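In this text the structure is predicted, and so the values were computed from the model without any measurement. Values below: all heavy atoms of this structure, side chains included; hydrogens, waters and symmetry mates excluded.
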Amino acid sequence: MSLYPEYKGMNLPAIDQEMLQWWEENRIFDKSIEQRPADKRWVFYEGPPSANGMPGIHHVMARAIKDLFCRYHTLKGYRVERKGGWDTHGLPIELSVEKELGITKDDIGKSISIEDYNIKCRETVMRYKAEWDDITRKMGYWVDLNNPYITYENDYIESVWFLLEKLYDKGLLYKGYTIQPYSPAAGTGLSSHELNMPGAYKEVKDTTVVALFKVIQNDQAAFLFDDANEDVRIAAWTTTPWTLPSNTALSAGPDISYIKIKTSNPYTHTPVSVVLAEALVPNWFGGKNQSTVEGQSAAFKGSQLKGIRYEPLLDFGNEIEPLLGGTDAYLVLTGDHVTTSDGTGIVHTAPSFGADDQRVAKANGVGTLTLVDQTGKFKENVGPYSGRYVKDYKDEPGYVAVDIDIAVQLKLEGKALNVQKYEHNYPHCWRTDKPVLYYPMDSWFIKSTACKDRMIELNKTINWKPAHTGEKRFGNWLENLQDWNLSRSRFWGIPLNIWRTADGSEEKCIGSIAQLAKEIDAANLALNLSQEVPGDLHRPFIDEITLVSSNGQPMKRESDLIDVWFDSGAMPYAQWHYPFENEEKFWQNYSADFIAEGVDQTRGWFFTLHAIATMAFDSIAFKNVVSNGLVLDKNGQKMSKRLGNAVDPFKTITKYGADATRWYMLSNAQPWDNLKFDEEGIVESTRKLFSTLYNTYSFFALYANLDKWNADDAGVMPVDQRPEIDRWILSRLHSLIDAYQADMDDFDVTTACRRIEVFVNDHLSNWYVRLNRRRFWKGELSDDKRAAYATLHECLVVVSQMISPVAPFFSDWLYRSLTAYSGKHPESVHLTDLPSPSHDLLDEALLRRMDYAQHISSLILSIRKKEKLRVRLPLRRILLPVLDDRFQSDIDQVKELILSEVNVKEIEYITDTAGMVSKKAKANFKTLGKRLGKNMKVAADIIQALDQDAIARFEKGGELSITVEGQDYTLEREDIEVISEDIPGWQVAFEDGITVALDVTLDDELIAEGTARELVNRIQNLRKSSGLNVTDRINVKVEALEGIESAIKQFGDYIKTETLALSLVTDSTIGTKVEWMDGEEIGISIER
RNA sequence: AGUCUCGUAGCUCAGUUGGUUAGAGCGCUACACUGAUAAUGUAGAGGUCGGCAGUUCAAAUCUGCCCGAGACUACCA
C-alpha cells in the first residue's frame, strides 16, 4: 500500500465533493471549534443575508472573506464560533409580495387582511433558503446554520424592544415630522431605496416662475429704497409654482453678492426694482423678451437681506402652522444651501415641501403652510385653486396644470419676472409613474445627533480595512449625522413598541413581553377587556392591544414599524435573546473581533451596529471590519439580471471548484477594490497555484512511495546539517510564514496570497524541486535523500496550512494526502496549529546567496542564448568580478548549484579588476540630492564622465572631490555606485550591479560531453515513449553519426549510469529514427 | 450636486519616506530546456504612469483643477 496516494490528474470540483462529504461525516467544522479553548475566543458576527433573492457571485466573495479570517484564527488556536442569521423583514420583501399578489399598499387591510399578507411575507422571505444553504455548503463557508438567529422570531423582537426601551429611557426617541418623498397617487411615502430604482428619475418639462416678492419698507430694508414710493421686489425662482401659496420665507446666501436692478415688469410694464444675485443678472435681463436694466444699485451681501420682510405672494388668509413652536413668516433668511448655479440666488422657501426649506425654517423660528393634502390636491382654503390636484395624479381628462394658472395670475398681478418651461430631472413613483411630492410626514426618530461626538470618538478605536472607509466615508457620514428616522408605515416588520393616548399626553414604551403582560392585565382591569399577549408580536395582533394610561385613558400603539436596519444593527444582542436569556454567552461574544460586508453597508449595517452599541452600551460592536468592493463583470460593468452579465455562482463553482474561485477573487485585487470578474482569471489561478502544487505533490509522492519514505521517521538529519539548498528553501518557507502571519493579522489576504504564489512557483517548484530532482530519484534511500524528502514534505504541509483559509478544500486534500497514512497528525488541516516561524531557520545570508545564484544563472543562460550555445553543451569557466570579500564567500557556497544549473565547469574570481574590467560610475541621487540641491544635475554628469583611472582611485581611496559652480563637495563611497560594465574580449552580461563573463571556447572533450548529454536525453525520451519503467534496465544501440564514437569512448559510463543501460554499442543498421542536432536524425534502439 | 475610491503594457495587477533604465503574471513572437510535461527558461515586441498646471535639483509618487469609471448621500429653488 502506498503511503501517499497518487492520482491520475487534478480535478478540483471532485476534490470539493470528496472533502465536503468527509468533513460532514467526521464533523470537522464542529471539531474545529470544540477543540479550541473556550476561554480563547475570536468573535465573529454574521451580517444576515436575506433569503428572498438568489445568491450571486458577490455573495461568494463577501462570504469567502468572512470565512477565511475565521479559519485563519482557528489555525492560530482561537475558538471561532460562527452563528448564522437571516434578515427577514423589510420593504423588498413586501414589494415582492405585493407584486406577486398583484396588489398595492392600499389593498392591504382591505382586499387582503394584514394577517394573511404577513403570512405570505413570512413564506416569501425564506423562499431561496435551500439555494442559500446549498451555496454556503458548496463554497466551503463554515457557518452554523443549524441555530441561526431569525429577525422575525418573537425572541428577536423582544430583544429589539428592549433596546428601543433603553433608548427611550435615555430620552433618545421622539416623535416629529420630516419632509419625505411621498406618492399621492399611491398614497404612500417612498423610501430612498424606491427613489433609487432605475427609471425613477425622469426628464420632465415643468413651468417655472421667477416670482417677485414685494419688500415691506422699514428700517432694516431702508437701504433698498431710493424713495418712499419705490416698488422693490425680491426675485425667487421655482420649478414648483404650486408650492408658492405655501411660501413662508425666502432664503439668501449670506456671502453671495446681491444687487438691485431698476427695470419695468415685462408683463405689466410698470416700473419695478428687482433684487437678485449679481452674478445671475445676465440670465434674466437684457435677453430676448426680457426686461432691460435701467439702473442698478451697489452690490451688497446676502447677510444684509436677512430679516427683511415682504408681503405674502398669494395670500388666502391661512394661519401659519408652527414649526417647533415658531410661527414667524414672510421674511428673508440666510442658509448655506443657497447657490448661484441657477435661479436668482434667492430660494423660495416652503417648509412643508422641501427638506432644506424646513431645516432653515426651523432654525429661524419660521412656521409653515401646508396647503396641499395627502391626496395631492389643494385644501379647501386656497381660493380659486381649492380642491385642484397640483399634478395630474388621477389621469383626469382635460386636466389643467395648476402651475400654469398660478403663473398667469402672477403675471397679471405684476408678481412675475419670468415664466418659462424648464427641463430637469425629477423623481417619480416607480409604481404609478407620477411625480413625487415632498410632504411632511409624522415619524419617530432616534436622536442620534445627541450621541454624534461619542460615535466619532468610538469610531477612532475601530480598525477599518481599508482605513479610508472608516476615516473618510464613515467618518464624514458621522460628522454630518442626522437623526435616525425609525418609522416605516408598512406591515411586515418589527412593530414600534410605543403606546399613546389619543391626545398624546401620555405614552409608554414596552421593553419586554413580561412588561407587556403586566400592562395588559392592568388595561384589562381598568377597561374591562380580556386581552392576552399575542402569540405573534407582529401586526395585526399587536395593533389590537390597548393599554391604559395613569388616568384611565386607553392607549393605542403607534402604528409604525421600525426601520429594518435597526433589526440588523440589534443582532449582537438579539441573536442571543439578550438580556432575557444567555447573559453569559452574550458577554463572551461582545464585541466582535471581526465583521465583514460590502462597502455599501457603511451607512447600513456598519452604522446601525455602531449607533446602537454607542447609544445603548457606550461601546463598540466590532473591533475590526473589512469592507469589500463590488464584483463587476469582466468589462467593469455592474452585474445585473437585466443585462444578462450576472455570473452564476453555482455554475462557476461546479466548473472550477470553490477554491480556485475563492483564490482568484482574493488574490487578483485587494478586496476593497472593485473586482472585474473574469473566468480566465480562475483558470490562471488554477494553473499558477493549484496545478503547481498538485505537480509538486505528485512528484514527491511518486518517489517517496518508491522509497517507502515515511515522514514520521525520526531518523532524518537535523536541518542545520542538511545541504545548503534544503536550508535555503526552509529559510524561505519560514520567512514566508512570518510575512504571511503579519499580512493576515493585518487582514491583508491579497498580499498573503501573492506571497504564497511566489513561494510555490518561483522558489519551491522552479528552483528547489527543479534543481533537486536527481536527489529524489537517484539511488537508494540515503541520508541526503531523506533530507530532501523531509524538506519537501515540510514545505508542502506548511503551504497546505497557509492556503487553507482561502482554499479550504484543496488544502485539506493536500494535507491529508501528505499525512493521513500515519494517524499521528490531526486528521484535517483545519484542526492543525499554524507553526510559528522558526527563527533558527531564518538566514538572511543564505537567502542573499541564493538570490545571487539565481541571478548569475539567469545571466549565464542569457549569454548562452545570445551565443546559441545549448545548455547540454558544457563550457569551461565563468569569470566573476568580485565586488567584495563577502560576495566571493557567498558565491563559493552556492557555486555548485550555479555550475550544474548552467552546465559550466568552473568559476574564476577576478579580485584585482583594474585594467581587466571596465567600469562605470553613477551618482546616487538619493544621498547626493539632499546635499547638492540645484547642483545635482551637473554633478551627475561629472560622475558619469569619470574615466577608468578616476574610478579606480575612488574605489581605493573611498573619496572623491568635485567642484560644481564654485562649490566643493567630497563624495563618500555611498554617494557613487560603481558598476562593472564590460570585460573586453569576453561575453558579458550585467544587471543590478552583478557582472558575469562566460568563456565560450570549446574543445574536443567539451563537445564529446555535450554529445553524450544529448544522447542521454534521446535515450531517455525513447525509454519514456516506449513505456518502460523508471527502474527498468536496458540495452542500447546507437547509430554512429559524427562524434558519437568519441562521445561513447569518453563518456560511455556516464551515459550508461544515467540511462540505466547494461550495454551501449554503436550499430547503424537498426533502431528508431529520432531527431538529432542541426536537423539530422539518429537511429537508436533500446531493449529491456 | 456633495463625499469617497479607482485610473500604470492588449488584459489583471505591483510600485517603499519623491531619487533617474517604471516592474510582474497572462497573452503574442522566436529559440531553448525537460523521466514534474496542460509545467519551465531566455529573448523580443508592447507605456504621453487618465489630462493640464504647480511645488522641487528631481514627480507614477506631493498639491490644485479637469476628464473617465464606480460607490454612497442628497435631489434642491
Side-chain angles (χ1 to χ4, degrees), chain A residues 9-10 181 192 195-196 201 208 236-240 243 250-251 337-339 341-350 354-357 424-427 438 466 468-469 471-477 479-480 598-600 602-604 629-630 632 634 636-638 667-670 672-676 678 680-681 683-684 687-688 691-692 694-700 702 750-751 754 757-758 761 765-766 769-770 773 776-777 857-858 861-866 868 870-872 922-930 932-940 1017 1020-1021 1023-1024 1028 1030 1059:
Chain A
M10 186 179 71
S192 57
L195 237 49
N196 281 331
Y201 281 84
T208 65
W237 183 61
T238 179
T239 56
T240 52
T243 60
L250 293 170
S251 301
H337 65 291
V338 182
T339 68
S341 59
D342 46 23
T344 61
I346 293 166
V347 177
H348 144 62
T349 300
D356 280 342
D357 301 23
H424 64 146
N425 258 325
Y426 197 84
Y438 288 85
H468 57 75
T469 299
E471 285 163 19
K472 303 283 184 67
R473 187 185 274 228
F474 193 62
N476 290 349
W477 164 256
E479 293 289 344
N480 300 317
V599 68
D600 53 327
T602 309
R603 270 86 159 176
L630 284 105
L632 308 168
K634 64 176 174 180
Q637 296 291 308
K638 210 173 167 178
S667 66
N668 185 67
Q670 296 285 1
W672 37 86
D673 289 334
N674 289 347
L675 174 69
K676 291 181 192 166
D678 187 355
E680 285 301 314
V683 175
E684 194 178 322
R687 247 200 339 252
K688 238 156 88 176
S691 290
T692 309
Y694 170 82
N695 283 333
T696 307
Y697 168 76
S698 300
F699 174 83
F700 166 84
L702 174 67
T750 306
T751 306
R754 290 173 179 174
E757 281 178 352
V758 168
N761 266 297
S765 173
N766 289 337
V769 173
R770 194 159 56 85
R773 274 171 300 181
F776 289 91
W777 52 262
S857 299
S858 155
L861 290 172
S862 99
I863 297 173
R864 276 184 171 276
K865 157 77 187 162
K866 206 160 59 192
K868 296 195 195 312
R870 42 183 59 198
V871 180
R872 286 199 200 94
K922 209 176 90 181
N924 182 346
F925 282 82
K926 208 165 186 171
T927 60
L928 285 175
K930 286 191 193 96
L932 302 197
K934 274 198 177 70
N935 294 331
M936 184 65 218
K937 250 187 184 127
V938 183
N1017 168 252
Q1020 294 290 38
N1021 285 346
R1023 274 179 68 107
K1024 194 180 175 188
L1028 293 178
V1030 179
T1059 59

Could you check which of C75(B), U73(B), A14(B) has an atom nearest any side-chain atom of A355(A)?
C75(B)
Using a cut-off of 4.0 Å on non-hydrogen atoms, how would the nucleic acid contact of N480(A) be classed: base, sugar-phosphate, or nothing?
nothing
What interatomic distance, in whole Å, is found between C1' of A14(B) and the corresponding atom of U55(B)?
27 Å
What is the distance, to the nearest angstrom, from the CG atom on L928(A) to the C1' atom on G19(B)?
10 Å
Pairing residues for T751(A) by the side chain to side chain contact (heavy atoms under 4.5 Å, CB included) criterion, not counting sequence neighbours
Q670(A), D743(A), D748(A), R755(A)
Its contact letters, B for base, S for sugar-phosphate only and - for none at protein heavy atoms under 4.0 Å, make nucleotides 1-7 of chain B read --SBS--
For N935(A), check side-chain hydrogen bond (donor to acceptor under 3.5 Å, both in side chains) against everything at least two apart and list the hits.
Y969(A)
Ignoring hydrogens and angles, does a donor from either the side chain of S765(A) or the base of A36(B) sit under 3.5 Å from an acceptor on the other?
yes
Check nucleotides 24-32 of chain B for protein N or O atoms closer than 3.5 Å to its own N or O atoms and list the pairs.
residue: G25(B); atom: O2'; partner: E684(A); partner atom: OE2; Å: 3.1
residue: G25(B); atom: O2'; partner: K688(A); partner atom: NZ; Å: 3.3
residue: C26(B); atom: O3'; partner: R687(A); partner atom: NH2; Å: 3.4

Please report, rounded to the nearest Å, how far the P atom of A59(B) is from the CE atom of M936(A).
13 Å
Counting any heavy atom closer than 4.0 Å, what does S698(A) reach on the DNA or RNA strands: base, sugar-phosphate only, or nothing?
nothing
Among U17(B), C13(B), U21(B), find the nucleotide with the atom closest to the side chain of K922(A).
U21(B)
Just checking A236(A): base, sugar-phosphate only, or nothing, at a heavy-atom cut-off of under 4.0 Å?
nothing
Please identify each residue that fulfils ring-ring contact (aromatic ring centres under 6.0 Å, His included) with F925(A), with sequence neighbours left out.
none
From CZ of R770(A) over to C1' of A36(B), roughly how many Å is that when rounded to an integer?
12 Å
When you get a sec, tell me which of A36(B), C13(B), G70(B) is the closest nucleotide to the side chain of N674(A)?
G70(B)
Reading RNA chain B from 5' onward, which residue's closest nucleotide shows up sooner: T692(A) or N668(A)?
N668(A)
Please report the distance separating the P of A45(B) from the corresponding atom of A22(B), rounded so that it comes out in whole Å.
14 Å
Does N761(A) reach the main-chain N or O of T692(A) with its side chain, forming a donor-acceptor pair under 3.5 Å?
no
Applying a 4.0 Å non-hydrogen cut-off, can you work out what R864(A) is touching in the nucleic acid: base, sugar-phosphate, or nothing?
nothing
Rounded C1' spacing from C62(B) to A36(B) in Å
50 Å
Euclidean distance for P, U63(B) against C72(B) (whole angstrom)
26 Å
Interatomic distance where CG belongs to N924(A) and P belongs to C57(B) [whole Å]
19 Å
Rounded to the Å, how far apart are Y694(A) OH and A36(B) C1'?
11 Å
For F776(A), which residues count as a ring-ring contact (aromatic ring centres under 6.0 Å, His included) partner, sequence neighbours excluded?
F699(A), Y789(A)
Please report the distance, rounded to the nearest Å, between CG in N695(A) and P in A36(B).
10 Å
Base, sugar-phosphate alone, or nothing: which one does L632(A) contact when heavy atoms must sit under 4.0 Å apart?
nothing
Atom pair distance, as rounded to whole Å: CG in N766(A) and P in C33(B)
18 Å
If each of L675(A) and G354(A) is mapped to the nucleotide of RNA chain B with the nearest heavy atom, which maps nearer the 5' terminus, i.e. the 5' end?
L675(A)
With rounding to whole Å, what would you report as the distance between A71(B) and C28(B) at their P atoms?
34 Å
Classify the nucleic acid contact of T243(A) as base, sugar-phosphate or nothing, counting any heavy atom under 4.0 Å across all strands shown.
nothing
Tell me what G681(A) touches on the nucleic acid: a base, only sugar-phosphate, or nothing, going by heavy atoms under 4.0 Å.
nothing
Tell me the interatomic distance from F925(A), atom CZ, to A59(B), atom P, rounded to whole angstroms.
11 Å
Distance check, P atoms only: A60(B) and U8(B), in whole angstrom units.
15 Å
Once Watson-Crick and G-U wobble pairs under 3.5 Å are found, how is RNA chain B written in dot-bracket notation, 5' to 3', with | for any base paired to another strand?
(((((((..((((.....[...)))).(((((.......))))).....(((((..]....))))))))))))....
Applying side-chain hydrogen bond (donor to acceptor under 3.5 Å, both in side chains), can you list everything that pairs with R770(A), at least two apart in sequence or on another chain?
E901(A)
Member of E684(A), E757(A), K688(A) meeting the side chain to side chain contact (heavy atoms under 4.5 Å, CB included) criterion with S667(A)
E757(A)
Restricting to side chain to side chain contact (heavy atoms under 4.5 Å, CB included), what partner residues turn up for V338(A), sequence neighbours left out?
S251(A), I256(A), Y258(A), V347(A)
Considering only the P atoms, how many Å lie between A58(B) and G19(B), rounded to the nearest integer?
14 Å
For U61(B) and G50(B), measure between their C1' atoms and round to the nearest Å.
16 Å
Which residues pass the side-chain hydrogen bond (donor to acceptor under 3.5 Å, both in side chains) test with D678(A), sequence neighbours left out?
none
H348(A) to D357(A) - nearest heavy-atom pair and separation:
O-OD2, 3.6 Å
List in chain and number order the residues that pass side chain to side chain contact (heavy atoms under 4.5 Å, CB included) with T240(A), two or more places apart in sequence or in another chain; answer none if no residue qualifies.
T238(A), W242(A), T243(A)
Residues forming a side-chain hydrogen bond (donor to acceptor under 3.5 Å, both in side chains) with N476(A), sequence neighbours excluded
none
Candidate nucleotides U12(B), G41(B), A36(B), ranked by approach to the side chain of L861(A) - the nearest:
G41(B)
Closest approach of N668(A) and R754(A), non-hydrogen atoms and distance?
O-NH2, 2.9 Å
Minimal non-hydrogen separation, W672(A) against P466(A), with atom names
CB-CD, 3.3 Å
